[in-house]
Amino acid sequence: MSQHGTLRALGATALAFATVITGISAGPAGANAAPQLRASYAYTPSGVTSSVSESGITYHGTPSCGGTWDTCSLYLSTTTTHTVGLGDLSNGGTVRWPASIAPGATATLYVMSRNFWQSQGHLSPAVPITVTRPGSVTPPPAPGGGLVTTPGYDYTMDAGTTKKNLLVPVQARADLKISDGTLALTAPSGTTFTPGQTTLQGRYTTGSNFESAPWLNAVGEVSADGRTFIGVTKGAKDTTIAENAYIAWQVSVDAAPATDDGTGTLGQRFVGSSNLGSFNVAGSSRVAITGVTPPTPIDGSFDPAGVGTPATVPAGTVQPVHFGATVTEKVTGMQDTKVVLTAPRGTAFPEGTTTLTGEYASGGGWKRTDSLRVTGSLSADRTTFTGTMPDSGHGFELPTGYSVRWSVPVAAPDDATSGTGDLGFTVTTTVGEKPFRITGASRVTVEQSVRPITAKVDSVDDAARTAAVSGTATKEAEVRVGNTIIAKADTDGNWSGTVTNLVVGKQDVSFAQYLRGEEVDDTTIPVEVKQLELAPVTVTTRTVSPGEQNTITGTGEPGATFRVLKANGKEIAPGAHVVGIDGTWSFDHMVAAGSKRFRFVIEQSKYGQTVPSELFTVPADTK
């Protein structure tokens, strides 16, 4: 049931209760009555309304007290007694949320009249109100125990050297504490972990610079072959890792003196548990090794700078990427040819890639030839391809000025993010009797697959001028209206949210989809907020008594504020007046002695509009 619906339902109960109480009471005493402590009563308040916001509870109404009092106030409590009072105001107001009502929780509170006289208070029967505190009872669960994979780093080192302080970061998706964790690292191809490492220093950052984090230190040992390190974290369970923070561990690797040029992967897997559940997160950083450069052959043959060809690979697709070389002097044979390829960051070679086709050209179209075919295999993570080409001799010739190239398929995963990387390639061969090396890179652009944003109106709250909306977008994209983020698409691309601050009438609302802080597309849909009509004002008081204080009653728009005016617009009964949730209103007015009638206008305000009633005339009772 909506908030308005709940209050209307409660209003009927409260009105019935108030009617019973009023029927057995004598009503308020005159202003000059003598103090009557035992007869100082508090009656059920009228016109009780309430609303909520993140900052607190707003309640209004008109208290009613009998006898003599110092104050007659509107009292709000979590019980029907004095024990847990939240607010004690003349006609209501706004109070802060009590700690006993958690965000997202619904509770029943009680509004009473409070007659306070000579340090003694009396409470009336209560009007219950139901309130729901904005927010979530519990935060949404973070995936994978709160830790996720994040892009690693690119490192370079020379053969025969040691590279220290290499990192593979992982990121926190929510505030968390690690209970236990096992860290497993794999050295890049062509390297081993520096012997004697038993404690890898933990590192932590919420910005761009990592700081030492001894509470994350991983204690373990390097394997006998130097290829792996296994360790466990100590003491992390007592320290909170902030949402969006990065953690990593420093490790040192050695590259052998005879290592060839190439790029390897520092692999990492971190398995354990946190206060958010179990995690099992992997990651990697790339390490490029500059090896021993062979002598340049005397007879030339190829330009040692390879020819890269730019390519684009949309997320979720496999695309061919070309790489090659230029012939500088006639080639009549190639022996011991080896091809090593490294996939661009965030991509891999498709499983089962074993053959690369070779082509040549001399200014015209490309022609395929089996003499340039390469066969080979993939590394376990499919980021490196190593292959060989059959020796060519008699009958094989590549004249000066020719070009050669090979094609390799590159696969970008469905969840790849946009960015650029290099397909690194090295071709080593022997031309005649001279060894030769060709190195280069083909720049590859990965384009994230963008799902066009859609939006639809699910419902409109004409009173609040808000609309519940939903739609689809690229997974985990932000959905904004103007500068306000109203939703984030889930892993299936679905989103829902609320648009606020709408105006009455038809309007177009634009929804923009943002990825990594940049707008990628938008859509616009019409939204209509209807002007709600206020209930007409009626007067139920039939006559007034001249020379006396009269209570004038009637009906109007539930929850509306109202003023009492003369025909000339002058206010008659100053102060805040609210039509009750049951649609009834009342105000007190001293009708002048000798008057034959009482004339007034009720001006109601709600839904952003103010509407005056007709000029009412209540005849005087002169009997």
Taking all non-hydrogen atoms of both residues into account, name the closest pair between T206 and A242 and its distance.
-> CG2-CB, 4.4 Å
Does R373 CZ have over 12 foreign heavy atoms under 6.0 Å away?
-> no
Check: E243 main-chain N/O paired with D175 side-chain donor or acceptor under 3.5 Å | yes
Do the side-chain N and O atoms of N280 and R269 include a donor-acceptor pair separated by under 3.5 angstrom?
-> yes
Parallel, tilted or perpendicular, as decided by the 30° and 60° cut-offs, for the rings of F349 and F385 | perpendicular
Can you list the steps and then say if R437 with T426 is a side chain to side chain contact (heavy atoms under 4.5 Å, CB included)?
-> CA-CA 7 Å; R437 176 185 296 257; T426 301; 3.6 Å; yes
Going from CD on Q507 to CD1 on I525, what distance comes out if it is rounded to the nearest 0.5 angstrom?
-> 10.5 Å
Heavy-atom side-chain contact between T312 and E447 under 4.5 Å | yes
Please determine, by modelled atom types, if T192 and D254 share a side-chain donor-acceptor pair under 3.5 angstrom.
-> no
Where do K177 and D238 land on the side chain to side chain contact (heavy atoms under 4.5 Å, CB included) test, with the steps shown first?
-> CA-CA 7 Å; K177 293 182 178 180; D238 297 323; over 6 Å; no
Looking at side-chain heavy atoms only, is the closest gap between T420 and R443 below 4.5 Å?
-> yes
Donor-acceptor pair, side chain of W495 and main chain of A455, under 3.5 angstrom | no
Side-chain heavy-atom pair T357, W366 within 4.5 angstrom cut-off = no
Heavy-atom pair with the smallest gap, counting every atom of R286 and A343 | NH1-O, 3.0 Å
Side-chain donor or acceptor of T474 paired with backbone N/O of R451 under 3.5 Å = yes
Minimum heavy-atom separation for G283 to T149, with atom names?
-> CA-CG2, 4.2 Å
Can you check whether Q513 reaches V450 side chain to side chain, under 4.5 Å on heavy atoms?
-> yes
Go through the side-chain N and O atoms of T454 and T472 and say whether any donor and acceptor fall under 3.5 Å apart.
-> yes
Give the minimum heavy-atom separation between F279 and I178, together with the two atoms involved.
-> CZ-CG2, 4.1 Å
Are side-chain heavy atoms of W249 and T233 found at a separation under 4.5 Å?
-> yes
Under 3.5 Å: donor-acceptor pair, side chain of S274, backbone of L276 = yes
Spacing of Q335 atom CD and T429 atom OG1 [to the nearest 0.5 Å] | 7.0 Å
For residues N165 and Y155, determine if any side-chain heavy atom of one lies less than 4.5 Å from a side-chain heavy atom of the other.
-> no
Would you please test D336 and K338 for salt bridge (charged side-chain N to carboxylate O under 4.0 Å, His left out) and show each step?
-> CA-CA 6 Å; D336 303 321; K338 181 180 179 181; over 6 Å; no
When you check the side-chain N and O atoms of Q201 and R203, is any donor under 3.5 Å from an acceptor?
-> yes
Kindly give the heavy-atom pair with the smallest separation between L266 and V251, and that separation in Å.
-> CD2-CG1, 4.0 Å
Can you check whether D422's main-chain N or O pairs, donor with acceptor, with R345's side chain at less than 3.5 Å?
-> no
With no hydrogens and no angle check, is any side-chain donor or acceptor of D381 less than 3.5 Å from a backbone partner on T383?
-> yes
Would you call the rings of Y153 and F210 parallel, tilted or perpendicular if under 30° counts as parallel and over 60° as perpendicular?
-> perpendicular
Please say whether more than 12 non-hydrogen atoms of neighbouring residues, nucleotides or ligands are located less than 6.0 Å from CD in Q319.
-> yes
Kindly say whether I453 contributes a backbone atom to a donor-acceptor pair with the side chain of D521 at under 3.5 angstrom?
-> yes
At what distance, to the nearest 0.5 angstrom, does CG of N275 lie from OG1 of T240?
-> 7.5 Å
V527 side chain reached by V499 side chain, heavy atoms, under 4.5 Å | no
After noting the C-alpha distance and the side-chain angles of V509 and V457, does the key distance pass the side chain to side chain contact (heavy atoms under 4.5 Å, CB included) rule?
-> CA-CA 10 Å; V509 179; V457 177; over 6 Å; no
Hey, is the main chain of H322 close enough, under 3.5 Å, to the side chain of S442 for a donor-acceptor pair?
-> yes
Check: S496/S470 side-chain N/O donor and acceptor closer than 3.5 Å = no
Carefully, step by step, assess V469 and F511 under the rule side chain to side chain contact (heavy atoms under 4.5 Å, CB included).
-> CA-CA 10 Å; V469 292; F511 301 84; 3.9 Å; yes
Value for CZ (R405) from CG (L356), rounded to nearest 0.5 Å, stands at 13.0 Å
Distance-only side-chain donor-acceptor flag, S252 / Q197, under 3.5 Å | no
D508 atom CG: more than 12 heavy-atom contacts under 6.0 Å = yes
Distance col, row L183:CG vs N217:CG, nearest 0.5 angstrom, shows 11.0 Å
For A248 against V168, the heavy-atom pair lying closest together | CB-O, 3.8 Å
For residues T524 and S510, is any side-chain donor paired with an opposing acceptor at under 3.5 Å?
-> yes
Heavy-atom distance under 4.5 Å between the side chains of I247 and V170, does that happen here?
-> yes
Interatomic spacing from OG1 in T228 to CD in E221 - rounded to 0.5 Å | 9.0 Å
Taking R465 for its side chain and L502 for its backbone only, find out whether a donor-acceptor pair lies under 3.5 Å.
-> no
